[in-house]
Asker: 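Here's a structure for you.
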Amino acid sequence: MRRFICCALILGFLGTAVGAAEGASAAARLKAATAALQTPALTERDSQRTKQELAALIAAEPGSEAGLAARYLLGRLRQLEDGISEPPEFIALTRDRPQHPLAQLAAVKLLLRRLYADGIAAPAERLRAAEVLGKSLTLPALRGDFHLAMGDAYIFYGDQRAPALRHLRAAEGIGIPSAATRANVLVQIGELARLTGDRETAVQSYRLFLADYPRDLRQQIVRDRLAALGEASP
Amino acid sequence: MNERGKARLFWSGLAVVFGLCAWHVARVSFKAEETSDHRRVVRVGHFMLHSGIREALQAVIDEYERRHPDVHVVQVAVPDRAYPQFLRTQLVAGTAPDILQIGAHFTGMDELRARYFEPISAWVEQPNPYNAGTPLAGRRWRDTFLDGLENGEAYSAPLRHYYGIPLAVGGVRILYNTALLRAITGGTVLPQTYAQLVVLCRQVEDYARRSAKPVVPFAGSRLSALFLMSPLFASVNHRLYYDLAADHTLRMTDWDYGLTYLQGRWNFDLPSIRLGYELAREMARYQKPGFYQLNTGEATLQFLQGQSVMIVSHVLDVTNLKAQSDFAIDAAQIPALSPDDPVYGAGVLGPVTEIDTKATANLGLVRGAPQHAAAVDFLRFLGSRPGMEIFSARSNWLPSVEGVAVPAWMEPLRPVRAGYAGRFFAEIAGKGDARFVVGNQLHLLFGPAGGVDAFLKVIKQSYGPAMHIDLVKDVRESTFNLRRQEPALLVSFLTADAASIAAGRAESDGFWREVSSQNGYEARMLRTQRILSQTASQP
């Protein structure tokens, strides 16, 4: 069956591939759907058909791993292709299986949209909603992403330095995998701590930045900041 | 056999002999893995045809062959215009040299790298044995390069692997005709400050008038003018740059200039922006009228013919210029503005840093190279301190490896580490539509009948709408990229180790690392979208 689906995809018979997958296991159907979505010549019609297939898969096996993965994928397609900020698949996934890794990831995607998606919610309301959603996150990588998103959001909505600093320090504490992002966060922590009067944290973060990113364009300005705090540069 | 038959036989025989010879030459040049004396042949394909570079590379090869008598390294030098086609056809046909130069700007380079180049990450994470006995001994190989291999040719961000070993460091400098400078000023050293540079330019104009010689201060072209003006414009706007970085990162991304403009946080009437353009116009005065329509080759010709004292040039072009000129050429940094400059100093913090200058001319290892081990070993030698000392001494290119000595005249070519961000002018021009809006009107700024007011009057009308279009396109493209990543990310989730998924830690690689990267990208895109919708109703 798998070979047949692959051949159909290679030959460009997307409908045939997805159709063939209908009689297969849930895992094979999901695989066919993901392969179909990666086809370079994907049309609007193909995409609709794949969404229908994912919806059928969810209905057939709502609690299986394949069913949960299908729910996540369909939710993402609704966000990215249809512009639906809070797709029902994500709401169901985060409600029914909140500890599942894909449900946690869906929560982050919902959180980002609660922070920034078009709507009439006031900044304070957006931030509050995101904080509430963030409480459900337990996986370290996603908690780190949550803290980064919140740190930036508190700055974006009115330069609220104290909560932004708290979140960015939490993200650094968990560990930031991207070197470029971590360099930004160390500078942000230094700046926010300096501006809120936490000299010790500012100095520590500036020093860490200077040591870990010796080729960064901000070396001089961060050295200036240290000097202004009465500290010698390393 | 009649005469005709004999002639036919003769020509057929000759054709067969010719064919055999041609086959032999081709085999040696393109396929041979061994010479007749049984040495292994490593082939290196590149497009570094600048004067003296092939000779410099050959000097490294000669030393390598002396150390490894069983290896013969052959250069396959290809003109730069033909190189992209050469690269693709040779790789696809499976006839590529063992080592090939990488051009990050080539169309589809990441796809080529993914399919046909072998990552060298494992080697660059280890010490380079050829650095033994030098101060670099024991250090991770990639840390021995001045840029840490953080350049787009050596490292592929999408593929997250290292692929190239760089031969030189880039940058921009003023090159000057030392004899002409002496004739005009009596000295041989360029001034250190911008104010002194303006005085020098006036001296040159005065000299040209007195001697009736067609000499101007700078040989101008579109590119060299931007090289000259960009860091000076950035200096004038240093304080503005850091003020605009409202997210407390002390840096602006390429798109932040447009976003902050749309948010009304800067405009073309700000004193430092106007001053920056006034400075650009002042520098334009010291180049031939119409310079902005000229290309680099035309500016080079002016300089080589003694019609200008200075040219602002990429440092890799120094070798070419020195080889073609019949006068001594020296190099100097673009004179810096200082905060106490009476005209331009208000927004200046200090010089512009070049700390993140990237290395260039990267050579990569071809996947399945016939002489894989020898090719890796040769790259290690080339990218070691002893190898780079040989290459740099003969090429006049700034060495990419730390601690390699250069002659005194090359010292001013080295990147300046201290200083502040120098990225404003280029980004003001934006990308896409906004770049054309600004770039197409620069004649109003530089032309004798134009001026800052004439220029700004036009771009104030068109920059905002153009930037809005560019940012909308960026959001659309980002959404498309996210959508394209999604099925691959799910496959990565389904095939990942269950324990690592459950642990949920974003290590240096793996599913959660990808997720983290995507979340950051998506947050930026959504923020941009929010700013666009907040500012859509504004003029």
Side-chain angles (χ1 to χ4, degrees), chain A residues 27 30-31 33-38 65 69 72-73 76-77 80-81 101-102 104-105 108-109 112-113 115-118 138-145 148-149 152-153 155-156 159 161 164 175-178 181 184-185 187-188 190-192 195 214-222 224-225, chain B residues 146-148 150 238 242 245-251 349-351 353 355-357 417-423 479-480 482-484 486-491 493-494 501-513 515-520 522-531 533:
Chain A
L30 181 63
K31 201 174 273 184
T34 54
L37 289 170
Q38 292 180 81
E65 276 299 304
Y72 177 80
L73 185 56
R76 281 300 273 164
L77 293 176
L80 297 169
E81 288 186 353
L102 290 177
Q104 299 244 312
L105 182 51
V108 172
K109 303 299 185 188
L112 292 176
R113 277 154 183 83
L115 285 173
Y116 298 116
D118 280 346
T138 54
L139 291 170
L142 295 178
R143 282 210 66 74
D145 290 350
L148 288 176
D152 286 338
I155 295 169
F156 183 77
D159 199 16
R161 292 167 183 170
I176 300 167
S178 155
T181 305
N184 283 344
V185 169
V187 173
Q188 283 176 306
E191 287 290 277
L192 291 167
L195 293 165
R215 297 185 193 94
D216 194 287
L217 276 174
R218 293 165 286 191
Q219 280 276 322
Q220 181 70 54
I221 188 82
V222 170
D224 289 359
R225 292 287 202 255
Chain B
L146 287 167
D147 72 344
E150 289 169 12
H238 270 155
Y242 292 113
D247 60 357
H248 303 293
T249 57
L250 295 175
R251 71 185 280 270
L349 289 176
T353 181
I355 200 168
D356 70 336
T357 299
R417 293 180 65 82
Y420 301 88
R423 293 165 60 81
T479 308
F480 178 72
L482 286 166
R483 154 67 189 80
R484 207 166 47 173
E486 214 49 59
L489 203 61
L490 194 73
V491 169
F493 172 80
L494 294 169
I501 291 288
R505 295 201 174 279
E507 311 292 352
S508 60
D509 219 336
F511 173 73
W512 291 116
R513 173 76 166 76
V515 162
S516 199
S517 162
Q518 192 197 55
N519 285 336
E522 195 162 355
R524 184 196 71 84
M525 183 270 284
L526 289 167
R527 239 184 339 264
T528 301
Q529 203 169 26
R530 181 104 198 103
I531 294 171
S533 65

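Here is the naming used below: chain letters follow the sequence lines, and residue numbers restart at 1 for every chain.
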Asker: Is it true that B:Arg484 and A:Glu81 make a salt bridge, defined as a side-chain N closer than 4.0 Å to a carboxylate O?
Answerer: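 No, B:Arg484 and A:Glu81 are not salt-bridged.
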Asker: Are the side chain of A:Gln188 and the backbone N or O of B:Asp247 linked by a donor-acceptor pair below 3.5 Å?
Answerer: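 Yes; judged by distance alone, with no hydrogens or angles, the pair exists.
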Asker: Look up atom CZ in A:Phe156 and atom CZ in B:Arg527, then write down how far apart they are to the nearest 0.5 Å.
Answerer: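 A:Phe156 CZ to B:Arg527 CZ: 7.0 Å, rounded to 0.5 Å.
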Asker: Given a strict heavy-atom distance threshold of 4.5 Å, which part of A:Ala117 is in contact with chain B: side chain, backbone, both, or neither?
Answerer: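 It is the backbone, since no side chain atom gets that close.
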Asker: Using heavy-atom distances under 4.5 Å, tell me whether A:Leu192 contacts chain B through its side chain, its backbone, both, or neither.
Answerer: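 Side chain only.
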Asker: Quick check for you: to the nearest 0.5 Å, what is the distance between A:Tyr116 atom OH and B:Met525 atom CE?
Answerer: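 Taking OH in A:Tyr116 and CE in B:Met525, the distance rounds to 12.0 Å.
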Asker: Can you give me the closest heavy-atom contact between A:Asp118 and B:Ser533, atom names plus distance?
Answerer: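 Shortest heavy-atom separation between A:Asp118 and B:Ser533 comes out as OD1-OG, 3.1 Å.
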Asker: Pick one of side chain, backbone, both or neither for A:Asp159, based on which atoms fall under 4.5 Å of a heavy atom in chain B.
Answerer: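 Just the side chain, heavy atoms under 4.5 Å.
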Asker: Just how far is it from atom CZ of A:Arg218 to atom OH of B:Tyr242, taken to the nearest 0.5 Å?
Answerer: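 Result: 9.5 Å between the selected atoms.
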Asker: Give me the atom names and distance for the closest heavy-atom approach of B:Ala503 to A:Pro140.
Answerer: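 B:Ala503 and A:Pro140 have their closest heavy atoms at O-CD, 3.3 Å.
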Asker: Between B:Arg524 and A:Asp152, is there a salt bridge with N-O shorter than 4.0 Å?
Answerer: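 Salt bridge between A:Asp152 and B:Arg524, a charged N being under 4.0 Å from a carboxylate O: no.
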Asker: Answer with side chain, backbone, both or neither: which region of A:Gln220 has an atom nearer than 4.5 Å to a non-hydrogen atom of chain B?
Answerer: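 Backbone plus side chain of A:Gln220, per the 4.5 Å heavy-atom cut-off to chain B.
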Asker: Once rounded to the nearest 0.5 Å, what's the spacing between atom CG of B:Asn519 and atom NZ of A:Lys109?
Answerer: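 Reported to 0.5 Å precision, the distance equals 4.0 Å.
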Asker: To the nearest 0.5 Å, what is the distance between CG (B:Leu482) and CG (A:Leu80)?
Answerer: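 So the gap between those two atoms works out to 5.5 Å.
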Asker: Write down the atom of B:Leu494, the atom of A:Ala69, and the distance for their closest heavy-atom approach.
Answerer: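 So the minimum-distance heavy-atom pair works out to CD2-CB, 4.2 Å.
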Asker: Tell me, for A:Leu30 versus chain B, whether the close heavy atoms (under 4.5 Å) come from the side chain, the backbone, both or neither.
Answerer: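 The answer is the side chain of A:Leu30.
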Asker: Taking all non-hydrogen atoms of both residues, which atom of A:Ser178 and which atom of B:Arg513 are closest, and how far apart?
Answerer: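 Closest approach of A:Ser178 to B:Arg513, heavy atoms only: CA-NH2, 4.0 Å.
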Asker: Please state whether the side chain, the backbone, both or neither of B:Ala245 comes within less than 4.5 Å of a heavy atom of chain A.
Answerer: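 Neither; nothing under 4.5 Å.
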Asker: Does any heavy atom of chain A fall under 4.5 Å from the side chain of B:Ile355, the backbone, both, or neither of them?
Answerer: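 Both backbone and side chain.
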Asker: Can you name the nearest heavy-atom pair linking B:Ile501 to A:Leu139, along with the distance?
Answerer: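 Heavy atoms only, the tightest pair is O-CD2, 4.3 Å.
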Asker: Against chain A, label B:Val491 side chain, backbone, both or neither, depending on which of its atoms sit under 4.5 Å from a heavy atom there.
Answerer: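 For B:Val491, side-chain heavy atoms alone lie under 4.5 Å from chain A.
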Asker: Chain A heavy atoms under 4.5 Å from B:Ser517: which part of the residue, side chain, backbone, both or neither?
Answerer: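 For B:Ser517, no heavy atom lies under 4.5 Å from chain A.
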Asker: Please classify the contact of B:Phe480 with chain A as side chain, backbone, both or neither, using a heavy-atom distance under 4.5 Å.
Answerer: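 Interface part for B:Phe480: neither.
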Asker: Do any N or O atoms from the side chain of A:Arg215 and from the backbone of B:Leu146 form a donor-acceptor pair under 3.5 angstrom?
Answerer: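 At least one qualifying donor-acceptor pair exists.
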Asker: At a heavy-atom separation under 4.5 Å, does A:Arg225 approach chain B through its side chain, its backbone, both, or neither?
Answerer: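 Contact with chain B involves the side chain of A:Arg225 alone.
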Asker: Please classify the contact of A:Asp216 with chain B as side chain, backbone, both or neither, using a heavy-atom distance under 4.5 Å.
Answerer: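 For A:Asp216, backbone heavy atoms alone lie under 4.5 Å from chain B.
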Asker: Let me confirm one number: the CD1-OH distance from A:Ile221 to B:Tyr420, rounded to the nearest 0.5 Å.
Answerer: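 The CD1 atom of A:Ile221 sits 5.5 Å away from the OH atom of B:Tyr420.
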Asker: Does any donor atom in the side chain of B:Thr249 or A:Asn184 lie under 3.5 Å from an acceptor atom in the other side chain?
Answerer: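 Absent: no donor and acceptor within the cut-off.
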Asker: Checking heavy atoms, do the side chain of A:Ala149, its backbone, both or neither come under 4.5 Å from chain B?
Answerer: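 Nothing of A:Ala149, per the 4.5 Å heavy-atom cut-off to chain B.
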